[in-house]
Amino acid sequence: MTTVAVKPATMAQALTRALRDAMAADPSVHVLGEDVGTLGGVFRVTDGLAKEFGEDRCTDTPLAEAGILGTAVGMAMYGLRPVVEMQFDAFAYPAFEQLISHVARMRNRTRGRMPLPLTIRVPFGGGIGGVEHHSDSSEAYYMATPGLHVVTPATVADAYGLLRAAIASDDPVVVLEPKRLYWSKDSWNPEEPAAVEPIGRAVVRRSGRSATLITYGPSVPVCLEAAEAARAEGWDLEVVDLRSLVPFDDETVTASVRRTGRAVVVHESGSFGGPGGEIAARVTERCFHHLEAPVLRVAGFDIPYPPPMLERHHLPGVDRILDAVARLQWEAES
Amino acid sequence: MTTVAVKPATMAQALTRALRDAMAADPSVHVLGEDVGTLGGVFRVTDGLAKEFGEDRCTDTPLAEAGILGTAVGMAMYGLRPVVEMQFDAFAYPAFEQLISHVARMRNRTRGRMPLPLTIRVPFGGGIGGVEHHSDSSEAYYMATPGLHVVTPATVADAYGLLRAAIASDDPVVVLEPKRLYWSKDSWNPEEPAAVEPIGRAVVRRSGRSATLITYGPSVPVCLEAAEAARAEGWDLEVVDLRSLVPFDDETVTASVRRTGRAVVVHESGSFGGPGGEIAARVTERCFHHLEAPVLRVAGFDIPYPPPMLERHHLPGVDRILDAVARLQWEAES
Amino acid sequence: MTVMEQRGGYRPTPPPAWQPRADPAPLLPDAEPYRVLGTEAAAQADPELLRRLYADLVRGRRYNTQATALTKQGRLAVYPSSTGQEACEVAAALVLEERDWLFPSYRDTLAVVARGVDPVEALTLLRGDWHTGYDPFEHRVAPLCTPLATQLPHAVGLAHAARLKGDDVVALAMVGDGGTSEGDFHEALNFAAVWRAPVVFLVQNNGFAISVPLAKQTAAPSLAHKAVGYGMPGRLVDGNDAVAVHEVLADAVRHARAGGGPTLVEAITYRVEAHTNADDATRYRGDDEVETWRRHDPIDLLEHALTERGLLDEEMKRAARDAAETMAADLRARMNQDAPLDPMDLFAHVYAEPTPQLREQRALLRAEIEAEQGGTQL
Amino acid sequence: MTVMEQRGGYRPTPPPAWQPRADPAPLLPDAEPYRVLGTEAAAQADPELLRRLYADLVRGRRYNTQATALTKQGRLAVYPSSTGQEACEVAAALVLEERDWLFPSYRDTLAVVARGVDPVEALTLLRGDWHTGYDPFEHRVAPLCTPLATQLPHAVGLAHAARLKGDDVVALAMVGDGGTSEGDFHEALNFAAVWRAPVVFLVQNNGFAISVPLAKQTAAPSLAHKAVGYGMPGRLVDGNDAVAVHEVLADAVRHARAGGGPTLVEAITYRVEAHTNADDATRYRGDDEVETWRRHDPIDLLEHALTERGLLDEEMKRAARDAAETMAADLRARMNQDAPLDPMDLFAHVYAEPTPQLREQRALLRAEIEAEQGGTQL
Ligand SMILES: Cc1ncc(C[n+]2csc(CCOP(=O)(O)OP(=O)(O)O)c2C)c(N)n1
Ligand SMILES: Cc1ncc(C[n+]2csc(CCOP(=O)(O)OP(=O)(O)O)c2C)c(N)n1
Ligand SMILES: [Mg+2]
Ligand SMILES: [Mg+2]
């Protein structure tokens with residue numbers, strides 16, 4: 001086995017590589033969506049695939065999201081493994097009926113006879129200075145829909161691993177790709193990508209004793225930064241990267257919070273009715289007697305995603321996270 | 001003022017009356033949807049309106065939910081107050097893009113210049129023996145969408161009051177009408193309907209000292225029944241009917257839980273990512289030091305809504321609620 | 001500075017030659033619905049086909065009346081009858097090869113049965129069960145579809161996938177007149193035409209979407225005229241003329257199989273019964289209209305043609321009737337048995353593997369049921 | 001028992017007389033896009049109109065180049081240029097009366113400006129602000145719309161409402177070729193036709209939806225052919241011929257205002273620039289094609305016609321150019337000022353009254369900002 005120098009790669013590159021490897025390994029993997037062929041996608045994640053595998057494997061569709069997802073359902077019925085790209089999170093909304101009423105339920109309503117091995121890639125979240133409708137966080141909708149898996153990578157390696165796992169899954173998987181991490185770099189060896197882990201395991205990105213930050217996707221780097229900054233305050237924060245929102249890894253999260261006794265959930269998505277409520281509620285159910293303070297949430301405001309010039313106020317940042325940590329009733333401990 | 005004998009009325013009748021009174025009071029109120037005209041709606045809630053006000057005021061539309069909601073947006077732009085009926089909750093999904101990207105945001109994106117006084121009536125929930133796609137609980141999607149108000153009545157009087165308030169509101173309001181309560185009866189005087197209360201206030205339906213059941217819509221009667229049954233176990237349960245999911249009445253809910261020190265959230269909607277997570281999380285944030293036990297949730301399972309013959313296993317019933325109450329760590333108190 | 005000013009001798013050119021993407025003329029439907037029965041062409045129709053259609057129509061009608069009866073006995077949660085529409089239902093099933101796929105809506109259990117699915121399985125969903133009953137792969141019939149028009153893109157995707165795999169499979173997708181108003185109808189037809197997918201779209205225009213008559217649904221000359229806007233042929237056919245429907249669909253299937261792409265077929269028919277057993281049709285239409293259509297009944301039309309050609313004797317009629325009765329009796333008997341339902345199945349197929357959360361919920365329900373069965377009280 | 005057997009002398013009747021809902025012939029577009037400039041009809045065109053269009057086109061082109069320049073200076077977050085499409089943009093605005101409504105897409109800020117909206121306000125959203133800038137009611141221009149085709153049902157609903165109120169208002173809605181594939185396009189056109197709503201749908205077929213060429217978007221003879229499927233007239237026009245576009249749109253507006261219902265107009269044009277400044281068009285098309293279209297430039301076409309008729313002298317040209325430059329300079333100057341942005345506004349218009357939850361969040365942000373400004377550290 002030759003050793004290849006580990007070079008920095010972006011998350012977008014890792015995603016492209018995951019698609020390419022999956023398509024090479026399995027001729028039933030087909031990519032479809034708006035501008036995914038000739039252009040290589042507006043984020044260039046499908047760059048080169050049409051050239052390498054032909055337009056029948058990587059197809060520019062007409063401009064209609066329900067049509068894209070609906071035809072992908074039919075392709076999956078015939079044994080293909082379609083990978084659909086929704087151009088931006090907000091442009092997945094026209095496909096909701098197909099998603100909720102068919103994609104999420106087909107396995108169940110056919111007693112397992114007609115599984116839908118479908119991957120739905122959704123560039124998600126803000127922080128890229130996008131104009132309106134280009135920065136939504138829509139994970140709450142997907143999480144509330146039984147039958148879907150929902151994953152989101154925070155690192156280059158996970159981007160590869162989770163996308164491969166999604167394509168390999170016999171269930172529909174929504175892959176939320178944090179837009180603002182597309183160009184984040186990491187040393188990662190595309191020739192020896194990490195083994196593909198099954199979907200559903202969170203990971204402790206940083207160990208700590210004082211409190212747990214529970215987060216995912218684009219907020220993971222922010223939380224790691226906050227944890228570094230917290231050292232100055234004397235807090236040793238643990239950071240759990242959920243990676244998979246559905247299924248939810250209660251084990252890892254619960255173990256962490258039982259250890260630290262305090263937790264803050266951090267995400268970009270709006271607070272009210274957002275993922276943080278679910279997470280805080282289930283952590284509290286499981287860790288009540290270990291908790292020194294209520295599980296707090298640091299989230300986007302309950303407003304339509306703001307414009308570029310104001311988004312920094314909306315996005316959970318280091319200061320807001322540390323403010324929340326400070327409210328974790330430290331007096332009570334001493 | 002003549003006194004009319006108070007006769008029992010069904011929730012469906014109260015809703016019809018609310019529409020009729022609103023249409024009579026304000027010529028800009030228009031009803032539109034599938035089968036709402038000649039037929040009077042599949043639940044007969046719009047019965048008689050086309051006859052009384054003409055087909056231009058109560059209109060059978062072509063069969064297309066995005067079209068219905070989208071044209072209603074345009075009608076509201078021109079100063080009408082459209083009341084849209086979605087035939088069943090699952091058939092509102094095709095209209096999600098219009099709902100999320102326009103209805104919920106138009107006021108904000110026009111700096112308040114173009115409010116959308118739109119009411120969206122959605123027959124919701126199960127318990128009526130419906131075949132698949134006819135019993136969804138979709139409130140989690142609406143709650144996670146800033147810009148929408150979301151209300152749901154549990155009583156005949158509230159059905160009238162909330163629908164009138166929704167139509168009177170200058171903001172878009174989703175009115176979730178519990179299907180299985182359409183034929184529930186109550187003594188209610190249509191000639192002297194209660195004053196229309198503003199949206200956003202919960203109500204204590206039953207006072208109690210031991211624990212609070214936080215619930216809404218179709219689960220309110222179930223919780224009241226559970227509270228009665230709980231007396232045999234020595235528990236005196238308080239039942240809070242939220243009525244409005246957005247805005248959420250933190251004041252009433254928090255006051256109750258601070259008093260009782262224990263709470264269970266009850267709803268039909270799936271548990272994971274459902275409304276209960278939000279409610280439990282915010283109650284815990286606000287009442288942490290008053291809580292003797294974690295806020296528990298009794299909800300539908302995280303599965304596609306089951307068929308008639310199994311729905312009784314899915315729906316939160318008295319026994320499951322009492323089981324949850326029993327798990328509220330009563331030993332700790334003594 | 002304009003281009004004109006930049007370059008001395010420049011004169012604007014005419015628009016870059018515009019070419020229609022397709023000749024519209026052959027895509028447009030005929031002015032009248034195509035008919036065979038009651039016309040001279042009836043004399044030429046294949047006797048075998050006529051007899052086969054007749055037997056299936058008689059059986060189909062009996063299936064419809066039996067299923068409606070089962071709703072009254074509480075054995076079906078709901079039944080959307082296709083009485084009066086049997087010609088379309090049966091022809092749709094008969095034109096397909098074994099390797100082809102059928103995409104039915106909730107109203108099309110008769111087509112599903114005509115394709116070979118056990119009626120009890122075809123009715124599973126309408127019985128109130130949580131699953132589709134039949135194995136979609138056994139007879140290549142997609143699960144019944146309730147959200148309107150959403151099955152159409154599935155048919156397109158499946159047909160497209162088959163073509164990509166080199167299989168000469170055709171998909172036939174059924175939808176109602178009301179369903180044509182949905183966005184999914186539009187998107188499906190457009191994808192099909194762009195991809196030249198081997199799909200046949202059969203619109204059964206039965207006059208109503210629940211209570212809403214066609215005039216409130218569309219202002220188009222006909223629904224078949226929608227085809228030209230996608231660049232596919234539109235055909236208009238008398239939907240109660242089983243032979244005509246069979247011929248038009250068979251043509252479309254052949255065209256699709258040969259790589260010619262999709263066709264939109266509008267069959268003019270009528271929903272003789274109410275929308276479902278739960279509907280009250282008297283609220284929105286008069287008996288006259290129904291009566292007019294009853295006199296253009298698909299079985300009568302065919303019986304008349306067969307009789308005129310001396311192709312039908314009393315014995316054959318009896319045989320058809322007996323076969324229908326046998327089917328009905330069997331259906332009745334088997335539907336009268338309770339479907340075995342295991343509540344634990346609720347968790348079995350949400351995912352390939354239940355999530356940890358579903359395992360917990362399953363355990364909760366199991367404990368509850370055991371407590372119930374053990375007679376234990378709270 | 002069949003009806004035939006029940007009643008002795010019964011003979012099946014022909015199908016209840018089928019009538020097309022509309023005569024398809026007049027709904028179909030002409031075989032060639034309608035043109036005026038470069039044809040004999042150009043000699044008859046109203047000089048006033050030609051001159052007005054010319055001034056507006058020159059100004060429109062300058063607006064486009066200025067807006068694109070502003071993206072390079074970071075003064076616009078993004079700009080989807082309508083260079084090459086000015087004839088459609090300007091004509092769409094000019095055909096409307098003051099009481100009418102315009103429904104633009106993200107590409108149509110030029111039409112918005114041509115209707116009278118201050119360019120700075122028209123560009124507010126693209127600048128990266130959170131609101132649409134202009135007051136929709138001031139010039140009766142709906143907010144710019146990004147989710148494709150979703151503005152079309154709005155236009156239908158507004159036009160329908162106006163008609164119900166007895167106002168003879170027409171709505172003109174703009175959409176791209178790509179947008180015609182969306183379900184909302186279908187639903188909007190169908191509602192409009194069924195309701196006979198006074199709407200004009202203007203499809204600017206500029207050849208591409210980002211990178212996707214028309215051939216991957218539709219197989220229809222033309223996009224205008226979609227009209228017949230809704231029962232409305234479809235018109236095809238050379239979208240770079242400002243006079244032809246103006247005439248076709250004006251006809252359609254008149255037809256709508258007179259109660260004749262909606263029209264679908266397809267204007268054949270070309271997106272000369274990339275999709276937006278962020279797009280790299282060389283990835284999906286060659287320079288030749290662009291060059292061909294540059295030689296069929298809307299301003300050149302008009303300038304040529306004016307010149308031929310002796311309606312344009314150097315002074316008028318200069319005047320048009322100067323007016324355009326003045327507009328551009330003003331736009332540049334004002335866009336170079338930072339828009340005043342108050343973070344507290346984020347909470348002001350989500351609802352008529354902020355919810356208690358939003359009030360809490362506003363307080364949190366206010367405290368954060370005060371702490372920041374006070375230089376306070378955590
Ligand atoms: C998306 C969606 N909206 C609404 C419904 C409710 N619904 C069920 S059947 C029906 C009428 C359908 O009419 P049509 O398409 O003509 O079919 P038919 O019932 O006449 O066979 C309606 C509105 C649905 N099933 N799906
Ligand atoms: C529902 C939706 N899907 C996807 C997009 C992303 N998107 C923005 S513009 C565009 C292409 C639109 O092409 P066309 O309709 O031809 O208009 P043009 O840009 O050429 O004016 C796409 C795919 C969107 N804005 N809305
Ligand atoms: Mg119908
Ligand atoms: Mg275009």
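Proteins get letters first, then strands, A, B, ... in listed order; numbering begins at 1 in each. This structure is a prediction, so every number in the text was calculated from the model and none was measured.
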Measuring centre to centre across the rings, with the benzene-like ring taken for any Trp, is F91(B) within less than 6.0 Å of H134(B)? yes
Chain B contacts, top residue of A293(A), A66(A), G274(A) (heavy-atom pairs, under 4.5 Å): A293(A)
Is it the side chain or the backbone of R282(A) that comes within 4.5 Å of chain B heavy atoms, both, or neither? both
Where does I279(A) contact chain B at under 4.5 Å (heavy atoms): side chain, backbone, both or neither? neither
So which of A90(B), A144(B), P94(B), A95(B) has the biggest tally of heavy-atom pairs under 4.5 Å with chain A? P94(B)
Which atoms of P275(A) approach chain B - backbone, side chain, both or neither, heavy atom under 4.5 Å: neither
One thing to verify: whether R105(B) and D136(A) come together as a salt bridge, which I'm taking to mean a side-chain N less than 4.0 angstrom from a carboxylate O. yes
Name the member of L99(B), V283(B), L291(B), V265(B) that forms the most heavy-atom pairs with chain A at distances under 4.5 Å. L291(B)
If I measure from the heavy atoms of chain B, does S271(A) come under 4.5 Å with its side chain, its backbone, both, or neither? backbone
Below 30° counts as parallel, above 60° as perpendicular, anything between as tilted: where do the rings of Y216(A) and F124(A) land? parallel
When only pairs under 4.5 Å are counted, which of I303(B), I100(B), N108(B), D302(B) shares the most heavy-atom pairs with chain A? I100(B)
Presence of salt bridge, E278(A) and R297(B), under 4.0 angstrom: yes
Counting only non-hydrogen atoms closer than 4.5 Å, does E285(A) touch chain B with its backbone (N, CA, C, O), its side chain (CB onward), both, or neither? both
Under a 4.5 Å cut-off applied to non-hydrogen side-chain atoms, are Y93(B) and S101(A) in contact? yes
At what distance, to the nearest 0.5 angstrom, does NE2 of H314(A) lie from OH of Y305(A)? 6.0 Å
Turns out that what part of E139(B) lies under 4.5 Å from chain A's heavy atoms comes down to neither
Answer yes or no: is there a side-chain heavy-atom contact under 4.5 Å between V295(B) and T284(A)? no
